[in-house]
Amino acid sequence: VQLQASGGGLVQAGASLRLSCTASGGTFNNYAVGWFRQAPGKEHEFVSAIGRSTAITTYGASVKGRFTISRDSAKNTVYLQMNSLKPEDTAVYYCAAGRVPGMNSAPAIDKAQYEYWGQGTLVTVSS
């Protein structure tokens, strides 16, 4: 599975962005998809994930209530809608895919559970 992340950019605090993660080369619907971010000098931070079922989502504490993850299986794409952006959201955002056993399996928040990674897209939020 190859993943392509896109949609990053430079915005002011309070603005919105939508990131996309498009997959090719595999059966995308068999995978949970997660978003992680890495700010300069920091470790990867879990942002959000969605299971094979669109009803199963989870969010990191710092983004809960501001970000929304969704998936369009017909387009092999997972989206991360980011609202009310803050300067501390500045980071490179990575999407990743990992197998889960069933449609109702919860997606992992541990990056080690994800097998495939996209190249990352930079989000910069100015104050």
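FYI, side chains are in, hydrogens and waters are out, and symmetry mates aren't considered; it's all heavy atoms of this structure. For the single chain, residues carry numbers from 1 onward in sequence order.
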Undergrad: Quick check: Tyr94 with Phe36 (ring centres under 6.0 Å apart)?
TA: no
Undergrad: Any side-chain donor paired with an acceptor under 3.5 Å for Ser62 and Glu45?
TA: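 Present: a donor and an acceptor within the cut-off.
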Undergrad: Can you see whether Asn104 engages Ser53 through a side-chain donor-acceptor pair at a distance of less than 3.5 angstrom?
TA: no
Undergrad: Looking only at atom types and distance, does a side-chain atom of Arg52 sit under 3.5 Å from a main-chain N or O of Asn29, one as donor and one as acceptor?
TA: yes
Undergrad: Hey, what do you get for CZ (Phe67) to CG (Leu17), rounding to the nearest 0.5 Å?
TA: 9.0 Å
Undergrad: Under the 3.5 angstrom rule, does the side chain of Ser48 hit a backbone N or O of Thr58 as a donor-acceptor pair?
TA: yes
Undergrad: Give a yes or no on whether Ile56 atom CD1 has more than 12 heavy-atom contacts from other residues, nucleotides or ligands under 6.0 Å away.
TA: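 Correct, the count exceeds 12.
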Undergrad: Enumerate the residue pairs fulfilling side chain to side chain donor-acceptor pair (under 3.5 Å) with a member in residues 113-127, sequence neighbours excluded, ordered by first and then second residue.
TA: none
Undergrad: Would you confirm whether Ser84, through its side chain, and Gly14, through its main-chain N or O, come within 3.5 Å as a donor-acceptor pair?
TA: no
Undergrad: Can Arg66 be said to sit on top of Tyr59's aromatic six-ring, NZ or CZ under 6.0 Å from centre and within 45° of the ring axis?
TA: no
Undergrad: Whether the side chain of Arg37 engages the backbone of Val123 through a donor-acceptor N/O pair (distance < 3.5 Å, no angle test) should be reported.
TA: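 Such a contact is absent between Arg37 side chain and Val123 backbone.
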Undergrad: When you compare the side chains of Asp72 and Thr77, does any donor N or O come within less than 3.5 Å of an acceptor on the partner?
TA: no
Undergrad: Within a strict 4.5 Å, meaning less than it, do heavy atoms of the Tyr79 and Ser20 side chains meet?
TA: yes
